[in-house]
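Here the structure comes first, spelled out in structure tokens, and everything after it is commentary.
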There are 2 protein chains.
Amino acid sequence: MSTIKDIAKAAGVSITTVSRALNGYSDVSIKTKQRIHDIAKELEYSPNALARSLVMKKTKTIGLLVSGLNRSGSKDHIVMDVLTGIHEYCGEYEYDIVLFSTSTSRQGEKTYTQLCRERRVDGVIVQGIKKDDPYLIEILNSDIPCVLVDVPAEGEKVGFVTTDNVEGAMKAIDHLVSLGHDKIAMVNGHDQAFVSQERLKGFKLGLENLEKTFHPRLVVNGDYDEAISEEKAFQLLQHHPEITAVFCASDLMAFGVMRAARRHGLRVPEDLSIVGYDDIALASYVSPPLTTIAQDTFEMGYAAARLLVGILEETEVERICMVDNELKIRETTIKQAKIKK
Amino acid sequence: MSTIKDIAKAAGVSITTVSRALNGYSDVSIKTKQRIHDIAKELEYSPNALARSLVMKKTKTIGLLVSGLNRSGSKDHIVMDVLTGIHEYCGEYEYDIVLFSTSTSRQGEKTYTQLCRERRVDGVIVQGIKKDDPYLIEILNSDIPCVLVDVPAEGEKVGFVTTDNVEGAMKAIDHLVSLGHDKIAMVNGHDQAFVSQERLKGFKLGLENLEKTFHPRLVVNGDYDEAISEEKAFQLLQHHPEITAVFCASDLMAFGVMRAARRHGLRVPEDLSIVGYDDIALASYVSPPLTTIAQDTFEMGYAAARLLVGILEETEVERICMVDNELKIRETTIKQAKIKK
DNA sequence: TTGAAAGCGCTAACAC
DNA sequence: GTGTTAGCGCTTTCAA
């Protein structure tokens, strides 16, 4: 593989001149510049990004730390959408992405910080990692520029992107209440997740705003898992037959609730209205199609990359980025007419 | 950020010794080795992978070239599963993945080969790229070790992984014929795709083996698109009411066919049996759940990474890797009882 | 407009 | 066992 040295020799100039010519500096005579370019092409020259990065001290690379990338293969495509958004932005701004291979099994496992330092990534985007993960904390305390997805953190070189989960939950509640529902349950994820906390907050607030009482008894955690949600919802419906609607913190959990309803002989939506969260592809395919709060996950990825690059190039000041969400009314919610019990 | 030079100074030894100690060479006295490690820890030393790669001429990095990573957000998770498989293997063998940002929009776009050369990736995995893509051809002709997913190519440093698509299609046909179907149509993808060609081959072969005649008229291309398939299938069913079963080269296209059937007032599976291909998550959620040929896409990714690393480290000789597939019988196929027309 | 020289952080002969 | 030295391919002062 040829180097600028080879080009220099072939062109009869110094490597300095070649470097300058190739990088489009103006202080090279137009004709030597042309000659150098010709020779570079002829020699099939490719600049060595390693060497350049070594001296420039930046790599035009952003690291990606993702959890939940494992065989069990999530049915949702959220991780993928976010990745796609990041990829899109990076394509436009000539950053490449390095996806770290954080093997849990491998001994002598490296921390996220070490991974980032070794590869000298300019910054890192973190997704799907619990906010109390010690490695996460370490990286936040380091000087590595960092953008988190759905985990709140701010700092000189730290930002995050999320959607307004409080508002999203409120939209769901507004919708249900406007349909005449009164006894609304919630199947939340788990308390450690920021988004769960926010959605619960929105659930409460939504009820209060509409002068409905919030019943802690009607809230269960489904751990973002379909089967667990099914069980939890089954019990909930058993103990509280007065429930006419359920708001779920994820679509997958909503599917679990749909199953639980079916086991109780309840029809959806006639006997039980259900609202999900995320709007994954499945949501519109199941039957009946699921009413849900749609998040623009692609946009979240895109925004995360933009925010990170903004931090890196010191053009962006706002460290928080809120992406819109939207209520998608489909067929799992319907007017509550009958008086139950 | 500290370097081996700093450590050398602090330890009062030469940088060579530090390098050797840190890399676990045996020819360093146990006590200096220990001291060096202590100092390294104290100084929070991180090796600079760039510098090391520069001199070692390898980066422990594999490139990933993927098409179909864009906003429209594929409903299938195939790309993701393959990526996950690659990620898993890389985690075990300490390779990192760089996802190239191939912006189509950006001017002065670089070829895949250039991207790989600049980053000095050790090898590259290519997925979802058409086999006649000029950039793909360029990279195959280069000396960059390369593994393709579902595109056949072999060479000194080139291999590919795929599933047995001929066999997969035959399984589908066997299944349908065993249910008594005779007039079986096929909705294929498009002629440029290797897998399409293979599945068509399997379709023909499957019919011939069972002494059924192959009718070219009953094969249409749906371009792996749900809407297009719906249209094509709608017309097909109109012109050929004798059709009792349809084999589709993807699940998404099968959904299109289901829609088309519905528009014709045909019930699935009573009036029309349908078999898909891929077994995406949606397949088991739609109603009725789709009978399909399942591909282990995670395994494909894992195998692709293993093959590439095998080529890189010169341990693997077999340049082709076949991953299993499996017929998943669900509810869109049923015994053909009635005599149509 | 061009070149010489230093250095980014590391490894690897080759001495001692 | 340990150090000296010469690079890997590039950018960037500083001089000419």
Side-chain angles (χ1 to χ4, degrees), chain A residues 1-37 39-40 43-61 94 96 114-122, chain B residues 1-40 43-61 94 96 110 114-122:
Chain A
M1 219 170 285
S2 56
T3 70
I4 52 170
K5 203 167 163 184
D6 301 322
I7 299 177
K9 205 180 300 174
V13 295
S14 75
I15 57 168
T16 315
T17 304
V18 176
S19 174
R20 280 191 289 234
L22 259 21
N23 288 304
Y25 281 55
S26 55
D27 58 352
V28 182
S29 84
I30 185 87
K31 53 181 300 192
T32 48
K33 186 181 277 185
Q34 185 56 53
R35 198 168 78 251
I36 287 171
H37 272 102
I39 294 175
L43 263 42
E44 293 188 305
Y45 170 74
S46 280
N48 185 328
L50 298 171
R52 179 190 307 217
S53 297
L54 186 59
V55 28
M56 304 263 275
K57 288 171 179 332
K58 51 195 190 96
T59 53
K60 281 286 231 174
T61 304
E94 308 209 35
D96 284 325
Q114 278 173 295
L115 253 9
C116 290
R117 284 208 201 293
E118 291 191 9
R119 290 274 175 191
R120 295 301 195 266
V121 298
D122 294 337
Chain B
M1 219 170 285
S2 57
T3 71
I4 52 170
K5 205 167 163 184
D6 301 322
I7 300 177
K9 204 179 301 172
V13 296
S14 75
I15 57 168
T16 316
T17 304
V18 176
S19 173
R20 281 191 288 234
L22 259 21
N23 289 303
Y25 281 53
S26 55
D27 57 351
V28 182
S29 84
I30 187 86
K31 52 180 301 191
T32 48
K33 188 182 274 185
Q34 186 56 54
R35 199 166 79 252
I36 287 172
H37 272 102
D38 290 346
I39 295 177
L43 264 42
E44 294 187 303
Y45 170 74
S46 280
N48 185 328
L50 298 171
R52 180 193 308 226
S53 298
L54 185 59
V55 30
M56 304 264 276
K57 289 174 177 331
K58 52 198 188 95
T59 53
K60 281 286 232 174
T61 304
E94 308 210 36
D96 283 325
K110 289 172 184 157
Q114 279 175 294
L115 254 8
C116 291
R117 284 208 200 294
E118 291 190 8
R119 290 275 175 190
R120 294 302 194 266
V121 298
D122 295 337

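Chain letters run A, B, ... following the sequence lines, proteins first and then strands; every chain starts at 1.
Under 4.0 angstrom from either OP1 or OP2 of dG9(D) there lies at least one side-chain N or O belonging to K57(B). At dC8(C), none of the side-chain N or O atoms of N48(B) fall inside 4.0 Å of OP1 or OP2 (strictly under the cut-off). Listed pair T17(B) / dT2(D) fails the phosphate criterion, with no side-chain N or O lying under 4.0 Å from OP1 or OP2. Contact between the side-chain N/O atoms of T3(B) and the OP1/OP2 oxygens of dG9(C) is not found at any separation under 4.0 Å. For the pair Y25(A) and dT12(D), the criterion of a side-chain N or O lying under 4.0 Å from OP1 or OP2 is met.
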Q.
Assess the residue pair T16(A) and S19(A) against the criterion (side chain to side chain donor-acceptor pair (under 3.5 Å)); give the C-alpha distance rounded to whole Å, side-chain angles, the decisive distance to 0.1 Å, and a yes or no.
A. CA-CA 5 Å; T16(A) 315; S19(A) 174; over 6 Å; no
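In this structure, CD of Q34(B) is placed 14 Å from P of dT2(D), rounded to the nearest angstrom.
One finds a salt bridge joining R119(A) and D96(B) here, because a Lys/Arg side-chain nitrogen approaches an Asp/Glu carboxylate oxygen to under 4.0 Å. With salt bridges taken as basic N to acidic carboxylate O contacts below 4.0 Å, one links E118(B) and K110(B).
S19(B) contributes no side-chain N or O that forms a donor-acceptor pair with the base of dA12(C) under 3.5 Å. With hydrogens and angles ignored, no donor-acceptor pair closer than 3.5 Å exists between the side chain of T32(B) and the base of dT2(D). A donor N or O paired with an acceptor N or O is found under 3.5 Å between the base of dG3(C) and the side-chain atoms of R20(A).
Of the two residues contacting DNA chain C, namely V55(A) and V55(B), the nearest-nucleotide position lying further toward the 5' end is that of V55(A). Mapping L54(B) and T16(A) onto DNA chain D via the closest heavy atom, the residue that lands nearer the 5' end is L54(B).
At the heavy-atom level, S29(B) lies under 4.0 Å from the strands shown only through sugar-phosphate atoms. Residue I15(B) is classed as a base contact, given a heavy-atom separation below 4.0 Å to a base.
The main-chain N or O of Y25(A) is never found under 3.5 Å from a side-chain atom of N23(A) such that the two would form a donor-acceptor pair.
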